[in-house]
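Sending over a structure as structure tokens; questions will come in a sec.
Chain identifiers are assigned alphabetically (A, B, ...) following the order of the sequence lines, protein sequences preceding nucleic acid strands; residue numbering begins at 1 within each chain. Just the heavy atoms: all of them, side chains too, but no hydrogens, waters or symmetry mates, feed the values below.
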Amino acid sequence: MIEAGKPATKLKSEAAQVLFERGLINQCTDIEALDEALASGPVTAYAGFDATGASLHVGHLMPLMTLRWLQKLGHRPIVVLGGGTSQVGDPSFRNDARPLLDGSQIAANIAGIRRSVERLVDMRGPDGALLVDNAEWLTEFRFLEFLRDYGSQFTVNRMLTFDSVKSRIEAQQPLTVLEFCYMMLQAVDFLELARRHDCTLQIGGSDQWGNIVNGIELGRRCDARRLFGLTVPLLTTASGTKMGKTADGAVWLHPEHLSSFGFWQFWRNTADADVPRFLRLFTEMPISEVIRLSELQGAELNEAKKILATQVTAIVHGPDAARAALEQGDALFSGSDEIAEPTHRMERHRLAEGLGLLELIVGVGFAASNGEARRLVEAGGVRLNGQVVDDPRRRISSGDLGAEDRLSLAVGKRRKALVEFG
RNA sequence: GGAGGAGUGCCCGAGUGGCUAAAGGGGACGGACUGUAAAUCCGUUGGCUAUGCCUACGUUGGUUCGAAUCCAACCUCCUCCA
């Protein structure tokens, strides 16, 4: 087993080298043997995603990037959607049980997750990546059969030693049998994929180590198979917090939960110290280019951040969305409040009715209530046609309209609108 | 089944009859500085037809001139005992 950060002993396979230099390897059960396997022919690798949310988020990006690289280098990815395991809930490193999901929620979540996955790995063609749902086999088992076939291969003694459940037990928090069996289910997944698709490598987050190891063991005991496990690093920011939060919560991959521009902004706002690492992990630029960009200093790093944002957005949302986001970003921060195209439309007669500034701010969605809008105005954060307005009672009249009956409204540095009255 | 403890604003958490739209912290937002970074500093952080009104401290009722604060019942969670 290797730990992250240790220098790569001469790796033979391109795949292992790439994953290593990208920083995608945290731990591996047997890097030499895996390297050997990757060098001698195509390897089938899988990563699983439970349907705990309606969309994947940036935390899921690392295993997906790993699969993407493997695919690019001639190996074959399988993405497992946890339609079965989601009915149980992974207890790993959690001090309380997950709320149980019902079937319709799981189905809806899987549909959302699938769309992001399809962008990241190529499912097309006979050699394309495979997308499978573990409900396919997990729901088929009968209880006694399952216990006899697999329950006999696990000892509670060993299961209790895993860090992933230790804290729960030490904290004397209840760990139900249902949750406790999760690791068996994931182990069976691996075995099943090995049998069905000759899958020999499982990739997961570092919290999945225990679950992965169980699968490897099961493969050895049942079928004398040689399986491998690889974990990707936990994604944290330079400031030490678990990464992936914005004002509205997690940084979702699905455009319905976070717009492609919002996604782009997230990466554009990366802290300086995170830029080199993120370029490696989340873009596919040659390492030489990554290094060049990483060496930029001071304000020049902003260029690197834009490239980072655009590259990641292109991977997750497509090149067109990435380009549009870049343009939108440039326009937004060009210094003026001018935007080329109207973002909102309002009925012209509202001017005659005495449209208030606060109403306008709420109308374009920059504040949730008049009170909030009022505070923004009083704090001097609101600009009308480029001029700061600090009177909350200000009314909008036709005199405020410029060419084509438009006016610009901006709140803070990053929220700008062009309203057209027609 | 028995005994005790807890449920407060986006989150954590103080508050045990009026001065409480509720300390403090976090987060978020706005401002200054700047590079859309980090650090720092300042301000704001329930709603409204706004010198007033309404809604809010698990739920429902009650005591009181007046309750987040007292009482009762209920719901949820936790701890200990059986």
Side-chain angles (χ1 to χ4, degrees), chain A residues 94-100 168-176 236-251 258-279 293-310 312-313 325-339 350 353-359 361-384 386-395 409-417:
Chain A
R94 290 179 61 96
N95 272 328
D96 49 5
R98 293 174 185 278
L100 285 179
R168 175 86 71 91
I169 290 170
E170 276 164 14
Q172 303 200 322
Q173 295 295 311
L175 175 66
T176 61
T236 53
T237 63
S239 47
T241 56
K242 199 165 163 189
M243 172 175 158
K245 293 280 182 179
T246 64
D248 306 314
V251 181
L258 179 67
S259 70
S260 50
F261 179 65
F263 186 81
W264 187 90
Q265 270 292 311
F266 167 77
W267 294 100
R268 172 60 187 80
N269 285 324
T270 298
D272 287 10
D274 287 325
V275 171
R277 198 162 48 106
F278 288 1
L279 283 170
L293 290 171
S294 300
E295 281 166 355
L296 295 175
Q297 292 298 316
E300 288 194 323
L301 253 185
N302 284 332
E303 275 316 302
K305 290 181 190 180
K306 276 192 203 177
I307 292 169
L308 169 68
T310 308
V312 188
T313 306
L326 174 64
E327 281 168 21
Q328 201 179 338
D330 281 340
L332 209 51
F333 291 97
S334 60
S336 87
D337 290 344
E338 280 168 39
I339 302 180
R350 296 193 60 179
E353 289 162 3
L355 178 67
L357 175 61
L358 302 185
E359 221 178 317
I361 294 169
V362 174
V364 301
F366 290 166
S369 66
N370 282 357
E372 189 183 333
R374 170 184 303 273
R375 278 177 236 124
L376 287 169
V377 173
E378 286 171 348
V382 175
R383 292 181 305 281
L384 188 63
Q387 298 292 313
V388 174
V389 204
D390 57 7
D391 176 11
R393 278 170 307 185
R394 176 77 148 76
R395 304 222 154 252
L409 177 75
V411 170
K413 291 179 192 127
R414 49 188 76 173
R415 287 179 286 177
K416 301 180 186 182

Return the CD to NZ distance between A:Q265 and A:K305, rounded to the nearest 0.5 Å. 11.5 Å

Using the side-chain heavy atoms of A:L376, tell me which of these nucleotides is nearest: B:U36, B:G31, B:G30. B:G30

Base-pairing mate for B:C57 - Watson-Crick or G-U, with both contacts under 3.5 Å: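 Paired with B:C57, as far as the under-3.5 Å criterion goes, is no nucleotide at all.
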
When rounded to the nearest 0.5 angstrom, what distance separates CG in A:N302 from OG1 in A:T270? 10.5 Å

Readout for nucleotides 41-48 of chain B: B = base within 4.0 Å of protein heavy atom, S = sugar-phosphate only, - = neither; 5' to 3' it is ---SS-SS

Using Watson-Crick or G-U wobble geometry with both distances below 3.5 Å, tell me the partner of B:G35, or none.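 Paired with no nucleotide.
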
Is B:U63 paired to anything, Watson-Crick or G-U wobble with both distances less than 3.5 Å, and if yes, which nucleotide?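 Base-paired to nothing in any strand shown.
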
What is the distance, to the nearest angstrom, from the CZ atom on A:R414 to the P atom on B:G35?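 Going from CZ in A:R414 over to P in B:G35 covers 15 Å.
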
How close or far is atom C1' of B:A37 from atom CG of A:D274, stated in whole angstroms?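 After rounding, the reported distance stands at 10 Å.
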
Spacing of A:Q297 atom CD relative to B:A38 atom C1', expressed in whole Å: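 In whole Å, B:A38 C1' and A:Q297 CD are 14 Å from each other.
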
Which residue, A:G329 or A:R415, contacts RNA chain B at a nucleotide closer to its 5' end, judged by nearest heavy atom? A:R415

A:R393 has an atom CZ; how far is it from atom P of B:A50, in whole Å? 11 Å

Pairwise 5' ranking along RNA chain B for A:D330 and A:V411, keeping only the more 5' one: A:V411

Rounding to an integer number of Å, can you tell me how far A:E353 CD sits from B:U49 P?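 A:E353 atom CD is separated from B:U49 atom P by 15 Å.
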
A:L301 CG to B:A38 P, straight-line distance once rounded to whole Å: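 These atoms are roughly 13 Å apart.
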
Base, sugar-phosphate, or nothing for A:G298, non-hydrogen atoms under 4.0 angstrom?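 Here A:G298 touches the bases of the nucleic acid.
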
Just verifying a value: how many Å separate A:Q328 CD and A:F261 CZ, rounded to the nearest 0.5 Å?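 Going from the CD atom of A:Q328 to the CZ atom of A:F261 covers 4.5 Å.
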
Reckon A:E300 touches a base, only the sugar-phosphate, or nothing at all at heavy-atom distances under 4.0 Å? nothing

In whole Å, what separates the P atom of B:G27 from that of B:G35?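 Rounded to whole Å, the distance is 24 Å.
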
Rounded to whole Å, how long is the line connecting atom NZ of A:K413 with atom P of B:A28?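 Rounded to whole Å, this separation is 14 Å.
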
Nucleotide of B:A37, B:C29, B:A50 approaching A:R374 most closely (side-chain heavy atoms):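 Looking only at side-chain atoms, A:R374 lies closest to B:A50.
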
Return yes if some donor-acceptor pair links the side-chain N/O of A:E372 with the main-chain N/O of A:A368 below 3.5 Å, else return no. yes

Determine the Euclidean distance between corresponding C1' atoms of B:C53 and B:A21; express it in Å to zero decimal places.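 Result for the C1' pair: 14 Å, nearest Å.
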
If you measure from the P atom in B:G62 to the same atom in B:U69, how many Å do you get, rounded?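 It comes out at 14 Å once rounded to the nearest Å.
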
Residues forming a side-chain contact (heavy atoms from CB on, under 4.5 Å) with A:R350, sequence neighbours excluded: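 side-chain contact (heavy atoms from CB on, under 4.5 Å) check on A:R350 returns A:M346, A:E347, A:E353, A:L355, A:E359.
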
Listed nucleotide nearest any side-chain atom of A:F333, set B:G31, B:G35, B:U36: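 Nucleotide nearest to A:F333's side chain: B:U36.
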
Separation between the P atoms of B:A50 and B:C10, rounded to whole Å: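 Those two atoms are separated by 25 Å.
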
Using the C1' atom on both, measure B:U63 against B:A14 and round to a whole Å. 27 Å

Below 4.0 angstrom from OP1 or OP2 of B:G35, is there any side-chain N or O of A:R268?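 A:R268 to B:G35 OP1/OP2: no side-chain N or O under 4.0 Å.
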
Mind checking the CG-NZ spacing from A:L332 to A:K413? Nearest 0.5 Å is all I need. 12.0 Å

Sort out the partner of B:A3 for me: Watson-Crick or G-U wobble, both distances under 3.5 Å, none otherwise.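 Matched B:A3 with B:U79 under the 3.5 Å cut-off.
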
Any strand counts, and the cut-off is 3.5 Å on both contacts for Watson-Crick or G-U wobble. Which nucleotide pairs with B:A50?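 Paired with B:A50, as far as the under-3.5 Å criterion goes, is no nucleotide at all.
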
B:C10 - base-pair partner by Watson-Crick or wobble geometry, distances under 3.5 Å: B:G26

How long is the span from the CG atom in A:D274 to the CG atom in A:N269, to the nearest 0.5 Å?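 Here the interatomic distance stands at 12.0 Å.
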
On a whole-Å scale, what distance lies between the P atoms belonging to B:A22 and B:C41?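 To the nearest whole Å, 25 Å.
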
Do you know the tightest heavy-atom contact between A:L308 and A:L279?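 Here A:L308 and A:L279 meet closest at CB-CD2, 3.7 Å.
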
Whole angstrom is fine here: how far is it from CG in A:N302 over to C1' in B:G35? 5 Å

Taking atom C1' in both B:U51 and B:A37, what distance in whole Å separates the two?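 Roughly 44 Å separates the two C1' atoms.
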
Determine the interatomic distance between C1' on B:G4 and the same-named atom on B:C19; round to the nearest Å.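 My reading of the C1' atoms in B:G4 and B:C19 gives 35 Å.
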
Write down the partner of B:A21 under the Watson-Crick or G-U wobble criteria, each distance required to be under 3.5 Å.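 Paired with B:A21, as far as the under-3.5 Å criterion goes, is no nucleotide at all.
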
Between A:F333 and A:R414, does a side chain to side chain contact (heavy atoms under 4.5 Å, CB included) hold up when you go through it step by step? CA-CA 7 Å; A:F333 291 97; A:R414 49 188 76 173; 3.5 Å; yes

Quick one: does any side-chain atom of A:R383 pair with a main-chain N or O of A:G412 as donor and acceptor, under 3.5 Å?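 Confirmed, A:R383 side chain pairs with A:G412 backbone.
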
